[in-house]
Amino acid sequence: MILTVTLNPAVDHTLTVDELPAPDTVARTDTAHVDPGGKGINVSQYLVELDTETVATGVVGDFLGRFVRDSLSDDGIPSDFVEIEGRTRLNTTILTDEAEYKINHNGPTVDSSAIDGLLRSIDRHDPDTVVVGGSLPPGLEPDAIDRIARESDCPTAVDVGGDILRELDASYALCKPNREELAAATGRRVESRADCYDAIEHLRQRGYDRVIASLGADGAIMATPDERLHATALDADVVDTVGAGDSMLAGVLSALDRGATDEEALRTGVAVASCVVSVPGTDVPPFGDMTNAIDRVSLSRRDSSSHTTGD
Ligand SMILES: Nc1ncnc2c1ncn2[C@@H]1O[C@H](COP(=O)(O)OP(=O)(O)OP(=O)(O)O)[C@@H](O)[C@H]1O
Ligand SMILES: O=P(O)(O)OC[C@@]1(O)O[C@H](CO)[C@@H](O)[C@@H]1O
């Protein structure tokens, strides 16, 4: 079972307008979605749709926290949250014909004692893998994630910002940076694919056993102790990319949980993400039979003796 930890959950509010309002004017819309969110929670939602056993944990509070808890329960997503006094945040995405705007609140202040409650919850569920996803709320530092990794009795994966990746120092089974996070985590320029491979290798040497770098429309790279693979993204009618990375991680973890090879896991992640970019916000589309999409993901293997330029 895959247990997710979201230290800073959110209610995701997604609004669609023709264009952003001019200053001091009001835009009106008929199209608004409200979804429970935060990266770990999203991973759990996608895992359930992929028929993989999961429990979503994290820290929630007040009426927006209740919304997260109740929505997950209504959607059949098992959860076990620690309740705090502060209020779970509201994150806003505005979609126009031209662009996607996202404003994330920093979240409520969380005392480090919340981690004790989370560790008890992890212990109760006895997972095979723990996934920590998303930002840290005020009051928590990266060492809270290191503590979860060290004190959970199973491998830990992280999908956190580059500034946090840079500071973690426990051992991690997997991390999933995007291009900007790779650059922030390593302090390197990450533009070409060769830059990505270099930065990924740097992270692997820092204690991340598998690194999966999601590169938006350029697909994704997976590096393990044995191989380095690049998968191209599938063509998709993109509505927005909110949740794309989370769904890719869910696809990879779900496949690895079934005993798939790294290659199949990467293909699955990319195929799942291509479905998710075609729906608004963090809506969970029906994945159905993914075999066809998984087969269409084209993959190339990088020779371990390759130079660090070109590619
Ligand atoms: N324009 C696109 N077309 C097709 N697939 C895409 C596109 N953008 C993203 N994807 C798919 O989604 C995956 C994850 O995207 P991305 O790298 O943008 O994640 P992310 O930055 O972590 O996203 P988020 O933080 O919003 O969840 C990519 O590896 C790719 O497979
Ligand atoms: O502020 P964070 O924790 O970095 O990211 C939170 C968030 O943007 O990530 C998810 C999409 O990946 C959304 O559900 C949520 O609003």
Side-chain angles (χ1 to χ4, degrees), residues 4-14 33-46 56 58-59 64 68 71-72 88-95 100-108 110 131-138 140 145 158-165 175-184 190 196 212-222 229-252 266-284 293-294 296-299:
T4 61
V5 178
T6 310
L7 295 168
N8 203 5
V11 172
D12 282 322
H13 191 203
T14 309
H33 285 261
V34 191
D35 302 298
K39 297 192 192 300
I41 287 172
N42 295 340
V43 169
S44 277
Q45 299 192 83
Y46 298 126
V59 180
L64 294 173
V68 169
S71 312
L72 293 181
T88 291
R89 62 193 170 143
L90 179 72
N91 288 347
T92 303
T93 304
I94 300 174
L95 304 178
E100 178 181 319
Y101 302 86
K102 194 158 193 319
I103 304 169
N104 285 8
H105 187 259
N106 286 332
V110 176
V131 183
V132 181
S135 58
L136 288 167
L140 292 183
I145 302 177
V158 279
D159 180 6
V160 294
D163 48 336
I164 302 178
L165 273 185
C175 66
K176 193 226 66 72
N178 62 20
R179 199 188 287 271
E180 293 72 37
E181 290 162 345
L182 254 188
V190 180
C196 294
I212 299 165
S214 65
L215 307 175
D218 293 332
I221 290 175
M222 180 192 273
L229 305 163
H230 173 256
T232 50
L234 289 177
D235 277 341
D237 291 327
V238 179
V239 173
D240 69 65
T241 60
V242 180
D246 311 335
S247 64
M248 199 191 82
L249 180 58
V252 168
L266 181 59
R267 282 179 196 280
T268 308
V270 166
V272 168
S274 72
C275 293
V276 167
V277 296
S278 316
V279 297
T282 52
D283 268 9
V284 183
I294 291 170
R296 280 191 289 118
V297 176
S298 113
L299 219 119

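Numbering of ligands and ligand atoms starts at 1, following listing order.
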Salt-bridge contact D240-K102 (side-chain N to carboxylate O under 4.0 Å)
no

With the threshold set at under 4.0 angstrom, would you say [X] reaches ligand 1 through any of its heavy atoms?
X	value
D235	no
K39	yes
K176	yes
G243	yes

[X]: numbered ligand 2 atoms lying under 4.0 Å from its heavy atoms:
X	answer
G37	14 (O)
K102	7 (C), 8 (O), 15 (C), 16 (O)
G134	3 (O)
N91	6 (C), 15 (C), 16 (O)
D246	10 (C), 11 (C), 12 (O)
S135	1 (O), 2 (P), 3 (O), 4 (O)
G243	11 (C), 12 (O)

Considering both backbone and side-chain atoms of [X], is one of its nitrogen or oxygen atoms within less than 3.5 Å of a nitrogen or oxygen in ligand 2?
X	value
N8	no
A10	no
T282	no

For [X], take its heavy atoms, then give the atoms of ligand 1 lying under 4.0 Å from any of them.
X	value
A244	12 (O), 14 (C), 15 (O), 27 (O)
M248	29 (O)
D246	27 (O)
L234	4 (C), 5 (N)

Nitrogen or oxygen atoms of [X] and ligand 1 under 3.5 Å apart:
X	answer
G219	yes
G216	yes
G245	yes

Applying side-chain contact (heavy atoms from CB on, under 4.5 Å), run through L249 and K39 and close with a yes or a no. CA-CA 10 Å; L249 180 58; K39 297 192 192 300; over 6 Å; no

Can you confirm whether [X] sits close enough to [Y] that some side-chain heavy atom of one is under 4.5 Å from a side-chain heavy atom of the other?
X	Y	answer
V110	L7	no
V242	T14	no
T93	E100	yes
T92	Y101	no

With heavy atoms and a 4.0 Å threshold, my read on which part of A217 contacts ligand 1 is both

So for L215 against ligand 1, with non-hydrogen atoms under 4.0 Å, the contacting part is backbone

of all protein heavy atoms, closest to atom 12 (O) of ligand 1 is A273 CB, 3.2 Å

Closest heavy-atom approach to atom 5 (O) of ligand 2 among L136, N104, T6, I164 is made by N104

Note: Q45, heavy atoms under 4.0 Å from ligand 2, region reported as neither

Short version for I41: what comes under 4.0 Å of ligand 2, heavy atoms counted, is neither

- Query: Does H13 have a heavy atom less than 4.0 Å from any atom of ligand 2?
  - Reply: no

